[in-house]
Every structure is written in structure tokens, then in C-alpha cells.
Amino acid sequence: MACILSWTYQRERKQNIGLRSTKRTGQERFRLWIAGADLRKHLTYVVYMAEMTTDSEAISAPSKRKTNWINRKPAANLLHAVNVAEILDRSLNFMVTLNFAHTACDPNQVSERFERLRDNYFGPWMRRCGPSGRNEPPPTFIWTIENAGGCLNVHWLVHLPAGRIEDFKARLPVWLEKVVGEVYAPDQAIHIRKAPTPRGAVKYMIKGIDPFYAPVYGIRQSDQGEVIGNRSNFSRSLGPAVKKALQAEGRMKPTRRIGVPRKGALAAPPPA
């Protein structure tokens, strides 16, 4: 509930005192005006109007972002994240593909439901369910969403510690069903395989990059359709802050500037 209260007071004789209070609860807005008069320091308030208005239309939720490709900065962050994982000795050793076309998930909520899977199930499992006496690393991963040909799927490049791989494979179908409601064909909705070359895997994952920047990073670009919500991201353990800390310690080389052009900078001049 938001409450805004403002008032002005004038002590001059026979001058009005204005008091306005606004409270909002859902769609309802209440406004109350109170005026008064100061007669020889005797203050008298008179309520002269009360109004309540209700919007006829419901307040709609903010629209979700729609994208048709991965932009330059997110793509660069994913490439750097793979290098950070290797330096931290947490190589992204497994590729998980979740095909949401074989689930009851609303196509508009794929990004949101996958976030719920990571935050509510995978993250706690990584932190709490490891072998006794062993310090487990924080959740370490990168991911992208594709929608080529209307087939919504998530590519999830993740670090799985030794001794926990089979447990992850057993739990993942349960987690997916909890966030989407129903999985029609688990063997087709979930595909888990080793990722012996994470750098090659990430280049495959960002093939939906903006075509303008694909040559800069040596990516063979292909259209991956429209995605609603976040299209790609990385775990906090692989973020820019961690990269900068590694560079400050001398464990990672400074980021090389490659002179990325801006859109329109190379456009042909207008005809004379």
C-alpha cells in the first residue's frame, strides 16, 4: 500500500488549510480533501468532499521482454564465463537440453519456469546435498533458450561435481515436472550428455547471436526464433565481478579489446 500525505498550513486569518491524502490499494484510489479555517487561533476543520474512483480496467502486469537473438554483451559474457569456470577448476562438463515442447509449460513462461528450477531445486541441491565433509562449489553454469521452428528448448552447460552426476540425473525429471506441471515424454524432454569441450559447446549455444556480431566472434549464426523473457544468462559464480577479481590476482589475462563495430557504422553512404 502506498500512502502519500502532504499538507500546507497558513496561519493568516481566514485562510484555508489544505490537506490531501492519497492511498492506493490494488485498483482503488481514494482521495480526501479537508479544508479548514483559522478563526482567532481556533482551528475548525470541515470535510467538504470525499471521492472514490475505481479503474474500469484491470492493471495489467508489465509485458515481458521479447528478443530474436542474443546481443553482443550477453554473448561475450557467456564466452568469458567458460574461461572463468576453467580457471576456477569448475569446468562446465555437462550439457543439459530441456525440450519444453514435450511439457505442459506455457511457451510464454519457459524462461520463468527454468529460473524456478534453478533457484528452487538445483541451487539448494548443489549447496546442501553433497557428500558429508566435502565443500561443494556454488552452482556454476551458463544457459541459453532457443525457439527455432517453434521448438522451445533450453541449453544448460553446467558443472557437476564427481560423485553427484547420477543423483542429478535422477532428480532432474522430478524438478522439471514440479515447475511445468506435466512432462509428456521424459525421454524426449530431457537430454544429458558430457561436454568434453566447453568452449565449443558455448559457441554452439550462442549460434542465435545477432547476425551483425556473429563474424566478430567466429560464430556460424542461425535464426533461433523469438524468446519471451531472459534469453541467456550465467551463474553469479561466473559473472564479471569474479572475472575482474581473477584478473586482479593475475590468474586471468585482461580482456582483449577486439574493436567491435557499432551497428550502422559500416553502412554504405547514401547515394549522391
Task: Working for side chain to side chain contact (heavy atoms under 4.5 Å, CB included), residues Asp210 and Ile70 - done: CA-CA 6 Å; Asp210 185 336; Ile70 301 173; over 6 Å; no
Open item on the list: So, using side chain to side chain donor-acceptor pair (under 3.5 Å) as the criterion, who are the partners of Arg65 when residues are at least two apart?
Closed with: none
- [ ] Could you tell me whether Tyr204 and His155 have their ring centroids closer than 6.0 angstrom?
- [x] yes
TODO: Please name all residues satisfying salt bridge (Lys or Arg N to Asp or Glu O under 4.0 Å) with Lys178, sequence neighbours left out, ordered by chain then number.
DONE: none
Open item on the list: Using side chain to side chain contact (heavy atoms under 4.5 Å, CB included), reason through Phe114 and Val154 one step at a time and then give a plain yes or no.
Closed with: CA-CA 8 Å; Phe114 179 56; Val154 172; 3.6 Å; yes
Open item on the list: Restricting to salt bridge (Lys or Arg N to Asp or Glu O under 4.0 Å), what partner residues turn up for Arg199, sequence neighbours left out?
Closed with: Glu86
TODO: Examine distances only and state if a side-chain atom of Gln247 and a backbone atom of Met252 form a donor-acceptor pair shorter than 3.5 Å.
DONE: no
TODO: Kindly state each residue pair satisfying side-chain hydrogen bond (donor to acceptor under 3.5 Å, both in side chains) with at least one member in residues 164-175, sequence neighbours excluded.
DONE: Trp125-Asp167, Glu136-Arg164, Asp167-Arg171
Open item on the list: Do Leu160 and Phe234 sit in one hydrophobic cluster, given that two such residues count as connected whenever their side-chain heavy atoms are within less than 4.5 Å of each other, even indirectly?
Closed with: no
- [ ] Determine whether Val183 and Leu117 fall in the same hydrophobic cluster, where Ile, Leu, Val, Met, Phe, Trp and Tyr are linked whenever their side-chain heavy atoms lie under 4.5 Å apart.
- [x] yes
TODO: Output all residues satisfying side chain to side chain donor-acceptor pair (under 3.5 Å) with Thr103, sequence neighbours left out; order by chain, then residue number.
DONE: none
Open item on the list: Using only atom types and a distance under 3.5 Å, with no angle test, would you say the side chain of Ser232 pairs donor to acceptor with the backbone of Trp143?
Closed with: no
Task: For Tyr184, all residues meeting ring-ring contact (aromatic ring centres under 6.0 Å, His included), sequence neighbours excluded - done: none
TODO: Measure the shortest side-chain to side-chain distance between Val82 and Leu92 over non-hydrogen atoms and say whether it is less than 4.5 angstrom.
DONE: yes
TODO: Check side chain to side chain donor-acceptor pair (under 3.5 Å) between Glu115 and all other residues, then give those that pass, not counting sequence neighbours.
DONE: none
Task: Qualifying residues under side chain to side chain donor-acceptor pair (under 3.5 Å), relative to Ser91, sequence neighbours excluded - done: none
Task: Any residue meeting salt bridge (Lys or Arg N to Asp or Glu O under 4.0 Å) with Glu249, in chain and number order, not counting sequence neighbours - done: Arg251
- [ ] Under the side chain to side chain donor-acceptor pair (under 3.5 Å) rule, what do Ser222 and Gln224 come out as? Steps first, then yes or no, please.
- [x] CA-CA 6 Å; Ser222 64; Gln224 297 303 312; 2.8 Å; yes
Open item on the list: Run the salt bridge (Lys or Arg N to Asp or Glu O under 4.0 Å) test against Lys207 and tell me which residues pass, sequence neighbours left out.
Closed with: Glu146
Task: Partner set under side-chain contact (heavy atoms from CB on, under 4.5 Å) for Arg193, not counting sequence neighbours - done: Met95, Thr97, His191
- [ ] Sequence neighbours left out, what passes side-chain contact (heavy atoms from CB on, under 4.5 Å) with Ile190? Give chain and number order.
- [x] Leu98, Leu172, Pro173, Leu176, Ile192
- [ ] Please name the residue in the list Asn68, Thr144, Asn147 that meets the side chain to side chain contact (heavy atoms under 4.5 Å, CB included) test with Val227.
- [x] Asn147
Open item on the list: Test your reading of the model: is there a side-chain donor-acceptor pair from Asn153 to the backbone of Ile145, 3.5 Å cut-off?
Closed with: no
TODO: Mark yes or no for whether Arg113, through its side chain, and Val179, through its backbone, hold a donor-acceptor pair below 3.5 Å.
DONE: yes
TODO: Kindly say whether Lys73 contributes a backbone atom to a donor-acceptor pair with the side chain of Asn71 at under 3.5 angstrom?
DONE: no
Open item on the list: Is it the case that over 12 heavy atoms from other parts of the model lie below 6.0 angstrom from the CG atom of Asp187?
Closed with: yes
TODO: Please answer whether the main-chain N or O of Pro138 pairs with a side-chain N or O of Thr140 as donor and acceptor at a distance below 3.5 Å.
DONE: yes
